[in-house]
2 protein chains.
Amino acid sequence: MRKPDPLLVTRSADRFSALGAEPRLQILRLLLAAHPEGMVAGEVQEELAIPASTLSHHLEKLKQVGLVKVRRESTYLWYSADTDALREVMNFLYEECCTRSRAVPAESVVQISR
Amino acid sequence: MRKPDPLLVTRSADRFSALGAEPRLQILRLLLAAHPEGMVAGEVQEELAIPASTLSHHLEKLKQVGLVKVRRESTYLWYSADTDALREVMNFLYEECCTRSRAVPAESVVQISR
DNA sequence: CGCATATTTCGATAATTGCGGAAATACAGA
DNA sequence: TCTGTATTTCCGCAATTATCGAAATATGCG
C-alpha cells in the first residue's frame with residue numbers, strides 16, 4: 001500500500017469542502033461547460049441568480065483551493081476551471097478507492113457514463 | 001450535452017461536504033483500506049485518536065450521505081465504505097470533467113496513479 | 001439481574017461558513 | 001477628469017458545523 005502524503009489529503013479535503021456547497025458546485029459545472037474560455041463573473045451571476053457579493057465569495061473560495069483560475073480582461077474577470085486541480089481530485093479518489101484499496105473496480109468508474 | 005439531474009448534483013454536493021472535513025476523509029481512507037470488512041468504531045477511534053462522541057458524529061454524517069454502511073455484531077458496530085456511493089461520486093466528477101465537458105482528458109485521470 | 005464494554009445521544013459551546021447590502025475599487029471611454 | 005459598468009471588499013448577522021464530556025443505551029456474559 002502506497003504512502004499517503006498528508007498534504008495531498010489535506011488539500012483534497014479542502015477541495016471537497018469547496019465542492020460541498022451546492023452553489024459552488026453549480027458554479028464549477030458552469031465553468032466546466034464553458035471550458036476552456038470560462039465565464040465572466042457577471043455571466044455566472046446571471047445564470048445562477050446569485051447576488052454579486054455572494055457569488056464573489058464563492059468564486060474566491062474556489063480560487064483559494066485552486067479549483068478555478070481567473071484572468072482579467074479589461075473590466076471583466078474571466079473565471080475558468082483549473083483542470084490540474086480537478087485531475088488531482090479525481091486521481092485522489094481513484095487512488096484511494098481503486099488502487100490503494102480495491103474497493104471499487106477501476107472499470108466501473110469510467111463506465112456507466114456511456 | 002447530457003441532462004444534469006438536479007438530485008444527483010445535490011447528492012454529490014452533500015457527499016463532497018462530508019468528505020470536506022479532514023477527520024472524515026481520514027476515516028473513510030481507513031475504512032477503504034480495511035475494505036470490505038471495514039472497521040469497528042473503536043478501532044477507528046484508536047487509530048485516529050478522536051474522542052468517541054466526536055467520532056460518532058463523523059460516522060453518522062458519513063452514513064447519512066450514504067458514504068458508509070454499518071452493521072452490528074454483538075456489541076460492536078462495523079463501519080465500512082459504501083462502494084456504490086463512492087462510484088457515483090467518481091462518476092459524477094468523471095461526467096462533469098471528461099464527458100459533459102472535455103475539460104479533463106479521460107486517460108489522464110486513471111493514469112499518473114501508477 | 002448486575003456488570004463490563006462498545007457506542008450513541010444529550011447538551012452546551014466555540015468556531016466556521018453562508019449570505020447579502022452598501023461602500024470601495026478597477027478599468028475603459030468620452 | 002468624470003461617468004458607467006464590473007467586481008470585490010467591508011461589515012455584520014444568521015445558520016450550520018465541529019467538538020467533547022457526561023449521561024444514556026445496547027449487548028453479552030456470569
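Labels below follow one simple rule: chain letters A, B, ... track the order of the sequence lines, proteins then strands, and each chain is numbered from 1.
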Can you measure B:Glu73 atom CD to C:dT5 atom C1' for me and round it to whole angstrom units?
15 Å

A:Arg11 bridged to A:Asp14 by N-O distance under 4.0 Å:
no

Check the phosphate of C:dC19 against A:His58, side-chain N and O only, distance under 4.0 Å to OP1 or OP2. Yes or no?
yes

Starting from P on C:dT9, measure out to CD on B:Gln64 and report it in whole angstrom.
13 Å

Is there a donor N/O on one and an acceptor N/O on the other, under 3.5 Å, for the side chain of A:His57 and the base of C:dG20?
yes

Inspect the contact between B:Arg29 and A:Glu96 and indicate whether a charged nitrogen and a carboxylate oxygen are less than 4.0 angstrom apart.
yes

Rounded interatomic separation in angstrom, taking CG from A:Leu62 and P from C:dT17:
14 Å

Side chain of A:Ala21 only, please: which of C:dG18, D:dT7, C:dG20 is the nearest?
C:dG18

Please give me the minimum heavy-atom distance between A:Arg102 and A:Thr99, naming the atom from each residue.
NE-O, 4.1 Å

On the side chain of A:Ser53, is there an atom forming a donor-acceptor pair with the base of C:dG21 - under 3.5 Å, no angle test?
yes

Rounded to the nearest angstrom, tell me the gap between atom NZ in B:Lys63 and atom C1' in C:dT9.
12 Å

Taking CZ from B:Arg24 and C1' from D:dT16, how many angstroms apart are they, rounded to a whole number?
12 Å

May I ask you to say what B:Ala52 touches in the nucleic acid, namely base, sugar-phosphate or nothing, with a heavy-atom cut-off under 4.0 Å?
base

Which is true for B:Ser74 with a 4.0 Å heavy-atom rule: it touches a base, it touches only sugar-phosphate, or it touches nothing?
sugar-phosphate

Per atom distances to the A:Pro23 side chain, the nearest of D:dT8, C:dC19, D:dT7 is C:dC19

Measure from CG on A:Leu77 to C1' on C:dA28 and round the result to the nearest Å.
14 Å

Report the distance from atom NE2 of A:His57 to atom CZ of A:Arg24, rounding to the nearest 0.5 Å.
11.5 Å

Under 4.0 Å between a side-chain N or O of A:Arg72 and OP1 or OP2 of C:dC27?
yes

In whole Å, what is the span from the OH atom of A:Tyr76 to the C1' atom of C:dT25?
17 Å

Could you measure the distance from the NE2 atom of B:His35 to the OG atom of A:Ser101? Nearest 0.5 Å is fine.
6.5 Å

Please tell me which of the listed nucleotides, D:dT7, D:dC20, D:dG28, lies nearest to the side chain of B:Pro51?
D:dC20

D:dA6, C:dT17, C:dT9: which one has an atom nearest the side-chain heavy atoms of B:Ser56?
C:dT9

Candidate nucleotides D:dT7, C:dT7, C:dA26, ranked by approach to the side chain of B:Tyr79 - the nearest
C:dT7

Heavy-atom nearest nucleotide on DNA chain C taken for A:Thr75 and for B:Glu60; more 5' hit belongs to B:Glu60

Rounded distance (Å) that lies between atom P of D:dA6 and atom CG of A:Leu55
14 Å

